[in-house]
Amino acid sequence: PTGANGITVSANGIIAPGASGIGNLTIALGGTSGNVTMLADSSFKFDLGTANANIGTIAAGSSDLLVLTSDAAGDFVFNSNDIDFGSTGTGVGYYKLFDTDLNATTWANLTYDGTTGLVTSGLTASNFTGGPSANFIVGTAGNGGDLGDIYLNVIPEPSTAALVLGIGLLLVGRRRPRHH
């Protein structure tokens, strides 16, 4: 879609790049005087396929993708929006969700670490599968992602071995009281 004055997604409105199944949605911002604004309580619906092992090698078609072209600084405004993944996705790893021509300055109201890219506010994830938790990461020079693009990282459950090791270290670290 294009719009001379930009696009506003109203409360309870949903952007779904692949409507049914995995697909791409391109928003061309060249020649517009506005931006894309997600109002509070608007959301996204993304489908996930197979996770990618590395943020730097994302297979085409592994998830829905929202592509912005001819974007400028502040052209996409988040308002603490949720992405519902509809209980899709297989395995732990990375999915590319947003592709920008520019870099992270495209995103307004998105807070993230400049080195790791870990997003701390602006987006939340719900209904993903493959692992117990997930986070969003903005591509940076330090993490190997494409600069400014937004990824979902589904995180594995801690392994039983790591859990046993952690408990063992905790027990070794306990001091027994001395009896005189």
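The structure presented is a predicted model; accordingly, all values stated were derived computationally and were not measured.
- By the rule that hydrophobic residues join a cluster once side-chain heavy atoms approach within less than 4.5 Å of another member, Ile83 and Tyr112 end up as members of one cluster.
- When all heavy atoms are compared, the tightest approach of Ala125 to Phe85 is CB-CE1, 3.8 Å.
- Here Phe136 contributes atom CZ and Ile150 contributes atom CD1; the two are 8.0 Å apart, rounded to the nearest 0.5 Å.
- Closest approach of Ala51 to Gly91, counting heavy atoms only: CB-O, 3.7 Å.
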Name the atoms and distances for all side-chain donor-acceptor pairs under 3.5 Å in residues 61-70, with sequence neighbours left out.
| residue | atom | partner | partner atom | Å |
| --- | --- | --- | --- | --- |
| Ser62 | OG | Asn52 | ND2 | 3.0 |
| Ser62 | OG | Ala59 | O | 3.1 |
| Ser63 | OG | Lys96 | O | 2.8 |
| Asp64 | OD1 | Gly23 | N | 2.8 |
| Asp64 | OD2 | Asp47 | N | 2.7 |

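- The shortest non-hydrogen separation linking Ile15 to Leu25 is CG2-CD2, 3.8 Å.
- Thr115 is not listed as a side-chain neighbour of Thr140, based on a closest heavy-atom distance of 4.5 Å or more.
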Steps toward side chain to side chain donor-acceptor pair (under 3.5 Å) verdict (Ser43, Asn81): CA-CA 5 Å; Ser43 62; Asn81 308 103; over 6 Å; no
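- When all heavy atoms of Pro17 and Lys45 are compared, the pair lying nearest together is CD-O, 3.4 Å.
- Checked by atom type and distance alone, the side chain of Thr129 pairs as donor or acceptor with a backbone atom of Gly89 at under 3.5 Å.
- Expressed to the nearest 0.5 Å, how far OG1 of Thr106 lies from CG of Asp99 amounts to 10.0 Å.
- Two residues are said to be in side-chain contact when any heavy atoms from C-beta on lie closer than 4.5 Å; Val154 and Leu152 meet this criterion.
- When all heavy atoms are compared, the tightest approach of Ala104 to Val138 is CB-CG1, 3.9 Å.
- Taking the six-membered ring wherever Trp is involved, the centroid distance between the rings of Phe98 and Trp107 falls below 6.0 Å.
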Could you list the donor-acceptor pairs under 3.5 angstrom formed between side-chain atoms of residues 73-80 and any protein atom two or more places apart in sequence or on another chain?
| residue | atom | partner | partner atom | Å |
| --- | --- | --- | --- | --- |
| Asp75 | OD2 | Ala72 | N | 2.7 |
| Asn79 | ND2 | Met38 | O | 2.5 |

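- A continuous path of hydrophobic side-chain contacts links Phe46 to Ile27 [ILVMFWY only; heavy atoms under 4.5 Å].
- At a threshold of 4.5 Å between side-chain heavy atoms, the hydrophobic network of Ile, Leu, Val, Met, Phe, Trp and Tyr places Phe44 and Ile58 in two separate groups.
- Taking CG of Asp101 as the reference point, atom CG of Asn103 lies at 10.5 Å (rounded to 0.5 Å).
- For residues 116-126, the set of pairs meeting the side-chain hydrogen bond (donor to acceptor under 3.5 Å, both in side chains) definition, not counting sequence neighbours, comprises Asp82-Thr124, Asp82-Ser126, Thr111-Ser121, Asp113-Thr116.
- Sorted by first then second residue, the side-chain hydrogen bond (donor to acceptor under 3.5 Å, both in side chains) pairs that include residues 7-24, not counting sequence neighbours, number zero.
- Contact between Thr88 and Leu48 at its shortest, heavy atoms only, is OG1-N, 2.8 Å.
- Applying the salt bridge (Lys or Arg N to Asp or Glu O under 4.0 Å) definition to pairs two or more places apart or across chains, none involves residues 126-139.
- In the hydrophobic clustering of ILVMFWY residues, with side-chain heavy atoms under 4.5 Å counting as a link, Tyr151 and Leu97 come out apart.
- Evaluation of the side-chain contact (heavy atoms from CB on, under 4.5 Å) rule for Asn135 yields Leu118, Ile137, Asn153, Ile155 as partners, not counting sequence neighbours.
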